[in-house]
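Okay, structure first, notes after.
What you are looking at is a predicted structure, and each value in this text was computed from that prediction instead of being measured. In what follows, chains carry the letters A, B, and so on, assigned in the order in which the sequence lines appear, proteins first and then strands, with residues in each chain numbered from 1.
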Amino acid sequence: MSSLKLFISDSLHGLLGYSDSALSSYILSLALTKCSSAGSLERELRDSGIDSKGLGNFVREEKKEKKDKMKEGEKEGEEEVEMKTGKRRKTQNEGSSSEDETTVVRRKKVSGRVVKKGEKDEAAEKDEATEKEMEEIRDQREKEEFEKRLLERDSKNTKKKGAGEQDAGPGADVSKITSSEVEKMREESRMAYLEQREEKELRLLEMSIKDEEEMFRGVERTPKEMERLELNKKILAMAKGRKKKEDEEEEGYRVPDGFMDEEGMINKDKKEGVMKQRYKEDKEEKGEEELWMESQINKSKIGGGKEGRKKEGEKEYELVFDDEIEFVVGNKRKGKNKKGEEVGSDDEKKLPVYAYRQEFLDAMKDHQVLILVGETGSGKTTQIPQYLHEAGYTDYGKVACTQPRRVAAMSVAARVSVEMGKRLGAEVGYQIRFEDCTSEKTKVQYMTDGMLLRCFLTEPDLKSFSCLIIDEAHERTLHTDILFGLVKDIVRFRSDLKLIISSATLNAEAFSAYLDDAPIFMIPGRMFPVDILYTKQPEADYVDAAVVTTLQIHVTQKIGSGDILIFLTGQEEIEACAETLTMRTKGLGSRIPELIICPIYANLPADQQAKIFEKTPPNARKVVIATNIAETSLTIDGICYVIDSGFAKQKSYNPKTGMESLVVTPISQAASNQRSGRAGRTAPGKCFRLFTAWSFKNELEENTVPEIQRTNMGNVVLQLKALGINDLLNFDFMDAPPAETLMRAFESLYALGALNDKGDLTKLGRRMAEFPLEPMLSKAVIIAEKYKCVKEILSTVSMLSIGASVFYKPKEKAVHADQARMNFARGGGGDQISLLRCYNEWEENDHGTQWCFENFVQVKSMRKARDIRDQLAGLCERVEMEETSCGLDNFEPVLKSFTAGFFFNVAKLSRSGDYTTVKSRTTCYLHPGSVLAKDEVPSKWLCYFELSFTTKEYMRQCCPIKGEWLVELAPHYYSGEDIEEAKGKKMPKQRQYNKTR
DNA sequence: GAGCACTGC
């Protein structure tokens, strides 16, 4: 609490200090009451912090170390390993090698079958097998040998023990193992893990060397690159040399395979007995977690699943991987309407919603507001608006249905227009940014939620609508959350307006409570049951675990039983996962059916994205490796197995520094359930969660923190202000954003001149709200009029607002891509001017695709930039802003205009050579991707587009500016003092003037 | 020398 107080008084001092402090005390009191009543300070702090709890950090750390390890080559301390495998290790120690138990089960199969295969291969390998395959075989050998030794030793131990116990008399426990033996076993398993890891790293290293040599043949390489390559080669040679030596040494221990086979069987039973005994002992100690898991398992059995499916399934395994993961059956997601007929042509009649038509219309008659709960497949999105239309609600206004995504709005509208037999754009239409497919005749209108929000600006009472349906409300996007507040207000004074909040999850009570206890109307979904399986122990590396699980599914489940969908966090992981999968399936060759690997993430070029929708050929299985994009945005048919890493990248915002960060965070229970639902769309499915049932219950939040609580609110505040909502701190948010975030938004809008000292919208603010841009960008556009560079700033702003996806950098042509990008930087001006040059050149080349290709620029992004630019230009025309131009030779006006919007984001070069933000004194770094990163003489002053924390505080999209500009452009924010230090001499003290507002 | 999850106006 005290820290918040401090912050508020601080910021008010800096910002509002000069003015009459009516606003400040007002805001302060509101902020404080809001904050204490919401009790959200703790959450805020957590949100703004960079550390995510749970496994996220661990995994990251672990990965980084993995890389380090690879560089260090063979140096590997025991302690380090202990740390790396910490999570897994811990449970193993506590839960006392339940893993070993399974290792034995596996071992039998490995030696029983794969070895024989291996022998055959060995005969033929000289002529046939590729180098990689040979290595695979050798790997396999090594592991098996190690396991055999382990078994042998174990059997000796057990025998010895057995003899000893007999001496001690009857009743002595055969299964008791001394602690030194436990220690030994631990070490063994540690070694095994280490060995496996080492092999993997080596293989990867080898591949990367090979790749580099092949792909860059004939391409000039920098000395650094050459150096790295040489170093890698050296490491590989050294490691291989050592391996060879070890192999030779091991040769002496070799035991005939056949012998081991049998021996393995005998040992297995004994050891299993031992392990089970210990397992039970431990379970008693462990208590809650195990008990809960057990209860979950029993529940699923009662639930009518195929009892003991897992146990039986194991026996069916033909091919077992030595790093196999064990899963525990968890609860079952119950299917709705188990018969679930195939979707046919007249399927809407079979949709669950159909049976509720009359009931629904009756409910509509009685209530103004209704919460509609219907899971995926209930048909609510397509049918409900039609029912309303048929019932005559469209006689005095349109029925609007909002969707969080453009594609959804378009496709649903198209579907409904077919069902109604009307042309799209006539009675049924949609409205999204850049596309208005409606007409005067339109009765049923689908639109994005952001679009409806924009409608409020022109039509505050929404009088052209008779019904509003806010669909997918459970997603809690920023726009839906704001809509809630606005529509709640509207229904109070427009008794003729009907409101439906439609959600797919059961936490509808929250919506109901928020909307004055509105009645909840339930429609069952059409879902198939999904078995949920958890890992028995935490997995240290979920990417690796996902690969293994995929192979397990692929090998053990019948081909044609369904495709696999893996949820990972981002491009990097997806690529790594796809690579490992390719490698391992290649290694297995024809022993397994074909596995088609399809990565998908938003930045993937469209043609590659389309691959996931191709039908899987018979005798093959598709595995889709996706980000969250597959959670909501797209539906892939035929998925029956979902592998859920339990993580996603989530944006969080720290209002103190204004810094956004994208962090790998554990997902919520709700999100995990959403993911598992993806397995049961066309047939009964299974969801493999790569975490334990315990962590699901105890470590995952129940619901995802709504976006409104972890994002910058500048734009929202400006828009709400433009709608005439003045008392924002008392605005009826369903979940209020953190007070600090609102404060920061106020502060920045005030400094930009969008709000006056009373907190009211200024003329400038009203103009800014017209632009569909972040306030700082809008300001830059408006100021450009003064500096006569509107044409240039519009292009720059459009390019900036599409994000970082402009330049495309394929791995194999990274050097060329970088070169192409640096070409745009020639002539100076930093990233902003580079983007401007890029846009201009594209325009000069007739918006050509070929040009994009040659310059490693993404066409998709450029087209988007053009759309945005056209829209902005249109808006400028409407406010009679002339499209002036300053040309490219003198780009100073462009940078000045940009700085006029982004003067918050200015960093100064300190003596130590780092940059420090001028006001908040945060140390930050020039992003290596910036064109300025290669400059030899760093600019004294930088103005950046965004500050984002990844591994460091990085400034992205930076341009060099002059210190004097700050006093000229933002005299109320910067004084001479702020810049004199860098100038080295005293500047005449400038009086604050702030009377213009 | 890093790495950008997903949306939307």
Side-chain angles (χ1 to χ4, degrees), chain A residues 63 222 224-225 228 402-409 431-436 447-458 472 475-483 567-576 600-604 626-634 645 647-652 660-665 667 671 704 707 710-711 715-716 718-719 722 769-775 777-778 798 801-809 811 814 818 858 861 864 867-868 871-872 875 925-934 946 948-957:
Chain A
K63 273 193 160 174
T222 64
K224 244 189 189 165
E225 279 174 315
R228 201 183 55 213
T402 72
Q403 295 290 322
R405 279 167 293 278
R406 296 158 50 91
V407 188
Q431 210 176 43
I432 56 179
R433 189 184 186 183
F434 309 128
E435 242 184 292
D436 184 357
M447 63 208 299
T448 46
D449 45 15
M451 204 66 211
L452 184 61
L453 217 49
R454 281 271 148 193
C455 286
F456 272 95
L457 274 177
T458 46
E472 316 285 355
E475 284 189 33
R476 304 292 307 275
T477 66
L478 182 61
H479 288 153
T480 8
D481 261 27
I482 299 157
L483 276 179
F567 281 106
L568 294 176
T569 68
Q571 181 176 348
E572 201 185 346
E573 277 176 16
I574 289 173
E575 278 167 1
I600 179 139
Y601 43 87
N603 268 348
L604 194 74
T627 58
N628 260 357
I629 195 170
E631 201 175 294
T632 47
S633 306
L634 46 92
S645 65
F647 289 95
K649 280 192 186 168
Q650 217 180 39
K651 199 169 75 179
S652 66
E660 288 187 338
S661 42
L662 201 58
V663 188
V664 174
T665 320
I667 58 170
T704 314
E707 194 186 356
R710 42 186 179 88
T711 193
N715 204 13
V716 171
L718 184 63
Q719 276 207 35
E770 288 286 322
F771 291 97
L773 291 170
E774 287 300 313
L777 286 171
S778 311
S798 308
S801 57
I802 52 168
S805 54
V806 179
F807 298 104
Y808 176 61
K809 190 164 152 183
K811 267 200 197 110
D818 273 347
Q858 298 212 44
S861 306
K864 207 168 153 193
D867 280 337
I868 295 174
Q871 190 182 40
L872 294 178
L875 285 165
Y925 306 86
L926 189 57
H927 193 276
S930 165
V931 295
L932 294 177
K934 292 193 173 96
E946 59 182 354
S948 117
F949 184 91
T950 47
T951 49
K952 272 182 181 175
E953 293 84 355
Y954 280 115
M955 300 178 280
R956 289 206 181 109
Q957 316 285 25

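Following rounding to the nearest Å, A:Leu478 (CG) and B:dG8 (P) show an atom-to-atom distance of 13 Å. Between the P atom of B:dT7 and the CD atom of A:Gln403 lies a distance of 14 Å, rounded to the nearest Å. Between A:Glu660 atom CD and B:dT7 atom P there is a gap of 16 Å when expressed in whole angstrom units. As rounded to whole Å, 11 Å separates atom C1' of B:dA2 from atom NZ of A:Lys934. Residue A:Phe949 contributes atom CZ, which lies 13 Å from atom C1' of B:dA2 at whole-angstrom precision. Taking atom CG on A:Leu568 and atom C1' on B:dA5, their separation rounds to 12 Å, with Å as the unit. Computed from coordinates, the A:Phe771 CZ to B:dC9 P distance equals 17 Å when rounded to whole Å. Rounding to whole angstrom units, CZ of residue A:Arg454 and P of B:dT7 are separated by 20 Å.
Among the atoms of the strands shown, base atoms are found under 4.0 Å from some heavy atom of A:Leu662. A:Lys651 comes within contact range of at least one nucleobase, with a heavy-atom separation under 4.0 Å. Using a 4.0 Å heavy-atom criterion, one finds that A:Thr951 contacts the sugar-phosphate atoms exclusively.
Listed nucleotides B:dT7, B:dC9, B:dC4 differ in distance to A:Ile629; the shortest reach to its side chain belongs to B:dT7. Candidate nucleotides B:dG8, B:dT7, B:dA2 were compared by shortest atom distance to the side chain of A:His927, and B:dA2 ranks first. When each of B:dT7, B:dG1, B:dC9 is scored by its nearest atom to the side-chain atoms of A:Asp818, the top-ranked nucleotide is B:dG1.
Proximity of A:Leu872 to A:Phe771: side-chain heavy atoms (C-beta onward) are separated by under 4.5 Å at one or more points.
With values rounded to the nearest 0.5 angstrom, A:Leu478 atom CG is found 6.0 Å from A:Thr711 atom OG1.
The side-chain hydrogen bond (donor to acceptor under 3.5 Å, both in side chains) test with A:Ser948 singles out one residue from A:His927, A:Arg956, A:Glu660, and that residue is A:Arg956.
Checking A:Arg476 against A:Thr704 by side-chain atom types alone, no donor-acceptor pair falls below 3.5 Å.
Taking only side-chain nitrogens and oxygens, A:Arg956 comes nearer than 4.0 Å to OP1 or OP2 of B:dC4.
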